[in-house]
Amino acid sequence: LDRPVYRSQRMLYPLLAAPARLFGQWAMVWWMLGINVLAIVAGTFLTARLAQRLGLSPWFGLAFTLNPGVWGEINAGSAGTVAWALAVGGILMYVEGRLPVAVGLLVAAVLAREAMLLVVAGVGFDMWRNQRRVPISLAAPLLAAVAWGVYVRLRLGEGLLASESEEFGIPLAGFIGAVREWLSDSDAVRLMAGLVFVVILVRFAALVRRVPHLLGWSVIGFALIAPLLSRQVWYNARDISRAVLPVVTMFALLAGLDIKQSRDRADAELTA
């Protein structure tokens with residue numbers, strides 16, 4: 001109700017939750033939680049399967065389960081966990097060469113949370129990097145988001161360019177503002193949490209450079225927009241964890257892949 005265009009853009013989660021309303025308000029509330037629990041189960045399984053496809057232990061599936069952003073999304077009653085589980089599924093299907101299924105899952109992910117267009121862009125970049133072409137079908141998530149966004153704005157009587165976003169601003173201004181507030185409030189917990197996410201983002205960017213792989217490309221967009229996030233996002237650990245949720249999962253997988261490749265090279269040198 002506070003930002004109807006911004007909220008209505010993310011239609012998949014409400015669509016999945018709505019049928020439970022037939023059984024009463026509390027039935028829908030509990031079903032919303034149930035959807036998120038199912039999303040955690042699915043996301044963990046898909047992440048584990050993706051890790052196995054890359055020669056890693058299936059225990060890396062816990063990179064989804066233990067991601068603080070996942071639990072931040074559930075605590076906020078938001079769609080991020082559902083969207084990320086669908087996006088991981090899309091990445092996995094792309095790795096397995098099942099592009100139509102991958103595109104379908106990415107369409108659903110984008111309709112759950114439009115920020116997942118960054119994942120679509122990352123997959124497209126990986127395609128271009130490896131094949132020097134990007135199939136037109138990969139435009140489907142963007143077209144779906146635009147079509148739904150136009151419908152929402154027309155239905156609400158808003159301008160087609162209305163966004164109502166309060167999450168972005170001048171580069172680093174939001175982080176600096178959050179640091180000042182943490183220091184003025186002597187809030188060591190929030191300060192340390194914010195710095196932990198800075199370290200994760202910096203280390204992830206370095207890993208992407210050292211290990212150029214789909215795992216990194218698929219979510220590098222979330223790391224790139226982090227400096228643009230507003231003070232209100234950076235201030236609370238829960239909010240920044242939700243904003244960069246995909247980075248944390250892929251950081252764990254990419255770090256595992258980096259270690260595996262280093263060991264493989266060392267074994268090859270010993271064999272030679």
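Note that the numbering runs from 1 along the sequence shown for the chain.
- Within the cation-pi definition used here (under 6.0 Å to the ring centroid, within 45° of the axis), R238 does not qualify as a partner of Y235.
- Heavy-atom contacts from other residues, nucleotides or ligands closer than 6.0 Å to CD1 of I136 number 12 or fewer.
- Under the 4.5 Å side-chain criterion, counting only non-hydrogen atoms from C-beta, W71 is not in contact with N75.
- At least one side-chain heavy atom of P246 sits under 4.5 Å from a side-chain heavy atom of M116.
- Distance check, rounded to the nearest 0.5 Å: CG of L245 to CD1 of I240 gives 11.0 Å.
- Residues R113 and G80 share a closest heavy-atom pair of CD-CA, 4.3 Å.
- The shortest non-hydrogen separation linking A178 to W234 is CB-CB, 3.7 Å.
- Smallest separation of non-hydrogen atoms from L12 and A108: CD2-O, 3.4 Å.
- Under the 4.5 Å side-chain heavy-atom criterion for Ile, Leu, Val, Met, Phe, Trp and Tyr, L143 and L106 are members of distinct hydrophobic clusters.
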Step by step, would you call T44 with I40 a side chain to side chain contact (heavy atoms under 4.5 Å, CB included)? CA-CA 6 Å; T44 302; I40 290 177; 4.0 Å; yes

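- For R155, the CZ atom is loosely surrounded, since the number of other residues' heavy atoms within 6.0 Å does not exceed 12.
- Looking at L33 and V29, their side chains never come closer than 4.5 Å, going by heavy atoms from C-beta outward.
- Between M93 and L99, every side-chain heavy-atom pair lies at or beyond the 4.5 Å cut-off.
- Within the 3.5 Å criterion, the main-chain N or O of D187 finds no donor-acceptor partner in the side chain of D185.
- At most 12 non-hydrogen atoms from other residues, nucleotides or ligands lie less than 6.0 angstrom from CD1 of I170.
- Distance check: S230 OG to F168 CZ gives 8.5 Å after rounding to the nearest 0.5 Å.
- L183 and L172 fall into different hydrophobic clusters, where Ile, Leu, Val, Met, Phe, Trp and Tyr residues are linked whenever their side-chain heavy atoms come under 4.5 Å apart, directly or through other members.
- Heavy-atom minimum distance, A145 versus L117: CB-CD1, 4.4 Å.
- R98 and Y94 are not linked by any side-chain donor-acceptor pair at a separation below 3.5 angstrom, with hydrogens and angles left out of the test.
- Interatomic distance, CZ of R231 versus CD1 of I176, reported as 13.5 Å (0.5 Å rounding).
- Transitive grouping of hydrophobic side chains (ILVMFWY, heavy atoms separated by less than 4.5 Å) keeps L66 and F64 in distinct clusters.
- The hydrophobic cluster containing V5 also contains L154, counting ILVMFWY residues as joined when their side-chain heavy atoms lie under 4.5 angstrom apart, directly or transitively.
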Evaluate the side-chain hydrogen bond (donor to acceptor under 3.5 Å, both in side chains) criterion for residues R153 and Q9: first the C-alpha distance (whole Å), next the side-chain angles of each, then the deciding distance (0.1 Å), finally the verdict. CA-CA 9 Å; R153 287 159 178 78; Q9 182 74 45; 3.1 Å; yes

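- Taken from CG in L138 to CE in M127, the straight-line distance is 5.0 Å, to the nearest 0.5 Å.
- Taking each heavy atom of A243 and L229 in turn, the nearest pair found is CB-CD1, 3.8 Å.
- At least one side-chain heavy atom of M250 sits less than 4.5 Å from a side-chain heavy atom of S218.
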If you apply the rule side chain to side chain contact (heavy atoms under 4.5 Å, CB included), what do you find for F60 with L50, and how did you get there? CA-CA 9 Å; F60 275 91; L50 178 61; over 6 Å; no

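- Within a 6.0 Å radius of CD in Q25, no more than 12 heavy atoms belonging to other residues, nucleotides or ligands are found.
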With side chain to side chain contact (heavy atoms under 4.5 Å, CB included) as the test, would you mind laying out the steps for L207 and D258 before giving the verdict? CA-CA 8 Å; L207 263 177; D258 182 35; 3.6 Å; yes

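- A heavy-atom distance below 4.5 Å is not found between the side chains of F251 and V248.
- Looking only at distances, no side-chain donor or acceptor of W84 sits under 3.5 Å from a matching main-chain atom of G69.
- Proximity of F197 to S241: side-chain heavy atoms (C-beta onward) are separated by under 4.5 Å at one or more points.
- Hydrophobic clustering places I225 together with V110 (ILVMFWY residues linked when any side-chain heavy atoms are closer than 4.5 Å, directly or through intermediates).
- Within the 4.5 Å cutoff, the side chain of F204 has heavy atoms near those of the L254 side chain.
- The OG1 atom of T81 sits 5.0 Å away from the CG atom of N36 when rounded to the nearest 0.5 Å.
- Considering every non-hydrogen atom in both A140 and V103, the closest pair reads CB-CG1, 3.8 Å.
- Side-chain atoms of W31 come within 3.5 Å of backbone N or O of L16 as a donor-acceptor pair.
- Atom CZ of R129 is surrounded by more than 12 heavy atoms from other residues, nucleotides or ligands within 6.0 Å.
- With salt bridges taken as basic N to acidic carboxylate O contacts below 4.0 Å, none links R190 and E181.
- Note that CZ of R209 is 12.0 Å distant from CD1 of I220, once rounded to the nearest 0.5 Å.
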Assess the residue pair T47 and T65 against the criterion (side chain to side chain contact (heavy atoms under 4.5 Å, CB included)); give the C-alpha distance rounded to whole Å, side-chain angles, the decisive distance to 0.1 Å, and a yes or no. CA-CA 9 Å; T47 304; T65 314; over 6 Å; no

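- Look at E167 and R3 and you find a salt bridge, because one of the NZ, NE, NH1 or NH2 atoms lies within 4.0 Å of a carboxylate O, short of that distance.
- Two rings, from F125 and W128, have their centers 6.0 Å or more apart.
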